[in-house]
Visitor: 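Before anything else, here's the structure in question.
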Amino acid sequence: MPEPAAASPAEVKIINVVQGTIGRNPAVVKAARGMSHFGEHSLGWVGIGAVGALLDKPRRRQWAGVAVGAFGAHAASVIIKRVVRRPRPHDPSVQVNVSTPSKLSFPSSHATSTTAAAVLLGRLTGLPWPAALVPPMLLSRIVLGVHYPSDVLAGSALGAASAAAVLAAEKRTSRDRTGKNSR
């Protein structure tokens, strides 16, 4: 098995800068922990998709797509983590501010599921959810000291690809049900 990808000193320095600036604010760390718990195993996003599906019957399939997309993105990130096997930040200068279910770092599952959910929610509601939700979640993982910057960026890219796959599947199934191309 190949050696896990090592973190560059530049990535550790970025974590140090983030933790030494906004990460010094206890309210920021508390908010980051709350985001971490919400996003664990994509359960917060699955919950939002489920509630939307229950309350918004005309768009039930799209709300279910939010839940499925977030969970599927999370699952994809876990598989990649097990292949890559990159350890979480362990430099003595990095303060870890939350517990994690594994010691694997690449890609960030929180970044992956949040990006997928935000893209799908944005498409469903017409609101700029990716701009509002993704940057804070990515930054929170660095504030908490549990991911390198490349982990969250790769996770976000994987989440966007996962959302694109869900949207393509929705378009295909909608076209199949109606017998014509629906946009």
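Only heavy atoms go into these numbers, but all of them, side chains included; no hydrogens, no water, no symmetry mates. Keep in mind the model is a prediction, meaning the values are calculated, not measured.
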Visitor: Looking only at atom types and distance, does a side-chain atom of Thr173 sit under 3.5 Å from a main-chain N or O of Ala169, one as donor and one as acceptor?
Guide: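 Judged by distance alone, yes, a pair lies under 3.5 Å.
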
Visitor: Give the minimum heavy-atom separation between Glu40 and Pro101, together with the two atoms involved.
Guide: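 Looking at all heavy atoms of both residues, the shortest contact is OE2-CG, 3.0 Å.
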
Visitor: Is a donor on one side and an acceptor on the other found under 3.5 Å between the side chain of Gln19 and the backbone of Val143?
Guide: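 Such a contact is found between Gln19 side chain and Val143 backbone.
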
Visitor: Does CZ in Arg60 sit with more than 12 non-hydrogen atoms of other residues, nucleotides or ligands closer than 6.0 Å?
Guide: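 Counting neighbours around CZ of Arg60, more than 12 heavy atoms of other residues, nucleotides or ligands fall under 6.0 Å, so yes.
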
Visitor: Taking all atoms of both residues into account, what is the closest heavy-atom pair of Ser105 and Pro87, and its distance?
Guide: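 Heavy atoms only, the tightest pair is CB-O, 3.5 Å.
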
Visitor: Is the side chain of Asp56 donor-acceptor paired with the backbone N or O of Ala53 at a distance under 3.5 Å, no angle test?
Guide: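 Here the side-chain-to-backbone pair does not exist.
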
Visitor: Roughly how far, to the nearest 0.5 Å, is the CG atom of Leu121 from the OG1 atom of Thr114?
Guide: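 Here the rounded value is 10.5 Å.
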
Visitor: Roughly how far, to the nearest 0.5 Å, is the NZ atom of Lys103 from the CZ atom of Arg85?
Guide: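 Nearest 0.5 Å value for the CZ-NZ distance: 12.0 Å.
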
Visitor: Which atom pair, heavy atoms only, marks the closest approach of Glu170 to Gln62?
Guide: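 Between these two residues, the closest heavy atoms are OE2-CA, 3.8 Å.
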
Visitor: Just by distance, with hydrogens left out, do Asn16 and Ser93 show a side-chain donor and acceptor under 3.5 Å apart?
Guide: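 Their side chains do contain a donor-acceptor pair, which is all the 3.5 Å distance test asks for.
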
Visitor: Nearest heavy-atom pair of Ala70 and Ser42: which atoms, and what distance?
Guide: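 Closest heavy-atom pair between Ala70 and Ser42: O-CB, 3.7 Å.
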
Visitor: If you compare all heavy atoms of Thr115 against all heavy atoms of Ala160, which two are closest, and at what distance to 0.1 Å?
Guide: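 So the two residues come closest at CG2-N, 3.6 Å.
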
Visitor: Would Ser102 and Arg88 satisfy side chain to side chain contact (heavy atoms under 4.5 Å, CB included), going step by step from the backbone distance to the final call?
Guide: CA-CA 9 Å; Ser102 85; Arg88 291 190 186 272; 4.0 Å; yes

Visitor: Under the side-chain contact (heavy atoms from CB on, under 4.5 Å) test, which residues partner Val98, sequence neighbours left out?
Guide: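 side-chain contact (heavy atoms from CB on, under 4.5 Å) check on Val98 returns Arg33, Ser36, His37, Leu144, Val146.
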
Visitor: Evaluate Leu104 against Arg86 for side chain to side chain contact (heavy atoms under 4.5 Å, CB included), listing each step before the verdict.
Guide: CA-CA 6 Å; Leu104 302 177; Arg86 181 185 201 185; over 6 Å; no

Visitor: So, does Glu11 use its side chain to make a donor-acceptor pair with the main chain of Ser150 at under 3.5 Å?
Guide: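 Yes, Glu11 side chain to Ser150 backbone: donor-acceptor pair under 3.5 Å.
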
Visitor: Quick check against the 3.5 Å criterion: does Thr112 have a side-chain atom that pairs as donor or acceptor with the backbone of Gly155?
Guide: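 Yes; at least one donor-acceptor contact below 3.5 Å.
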
Visitor: Is it true that Leu120 and Val134 fall in one hydrophobic cluster, defined by side-chain heavy atoms closer than 4.5 Å?
Guide: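 No, Leu120 does not connect to Val134 through the hydrophobic network.
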
Visitor: With heavy-atom distances below 4.5 Å as the criterion, would you say the side chains of Leu139 and Ile22 are in contact?
Guide: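 Yes, side chains in contact.
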
Visitor: Testing the basics here: between Gly145 and Val96, what is the closest heavy-atom pair and its distance to 0.1 Å?
Guide: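 Minimum heavy-atom contact is O-CG2, 3.7 Å.
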
Visitor: Write out all pairs satisfying ring-ring contact (aromatic ring centres under 6.0 Å, His included) with one or both partners inside residues 83-141, taking only residues at least two apart or from two chains.
Guide: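 Every pair satisfying ring-ring contact (aromatic ring centres under 6.0 Å, His included) with a residue in residues 83-141: there are none.
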
Visitor: Spell out, yes or no, whether Tyr148 and Val78 are grouped together once hydrophobic residues are joined by side-chain heavy atoms under 4.5 Å, including indirect joins.
Guide: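 Different hydrophobic clusters.
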
Visitor: Distance from Met35 atom CE to Leu138 atom CG, nearest 0.5 Å?
Guide: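 With rounding to 0.5 Å, CE (Met35) is 9.0 Å from CG (Leu138).
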
Visitor: Say whether Ser109 and Ser77, considering side chains only, have a donor N or O and an acceptor N or O under 3.5 Å apart.
Guide: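 Checked: Ser109/Ser77 side chains pair up, N/O donor to acceptor below 3.5 Å.
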
Visitor: Among pairs that include at least one residue of residues 38-69, which meet ring-ring contact (aromatic ring centres under 6.0 Å, His included), considering only residues two or more places apart or in two chains?
Guide: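 Sorted result for residues 38-69: Phe38-Trp45, His41-His74.
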
Visitor: With hydrophobic residues grouped by side-chain heavy-atom distances under 4.5 Å, do Phe71 and Val166 end up in a single group?
Guide: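 No, Phe71 does not connect to Val166 through the hydrophobic network.
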
Visitor: Determine, using the 4.5 Å side-chain heavy-atom cutoff (strictly less than), whether Val46 and Val68 are members of one ILVMFWY cluster.
Guide: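 Looking at the clustering, Val68 is in a separate group from Val46.
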
Visitor: If we ignore hydrogens and angles and just use 3.5 Å, is the side chain of Arg141 paired with the main-chain N or O of Ala111 as donor and acceptor?
Guide: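 It does not hold such a pair.
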
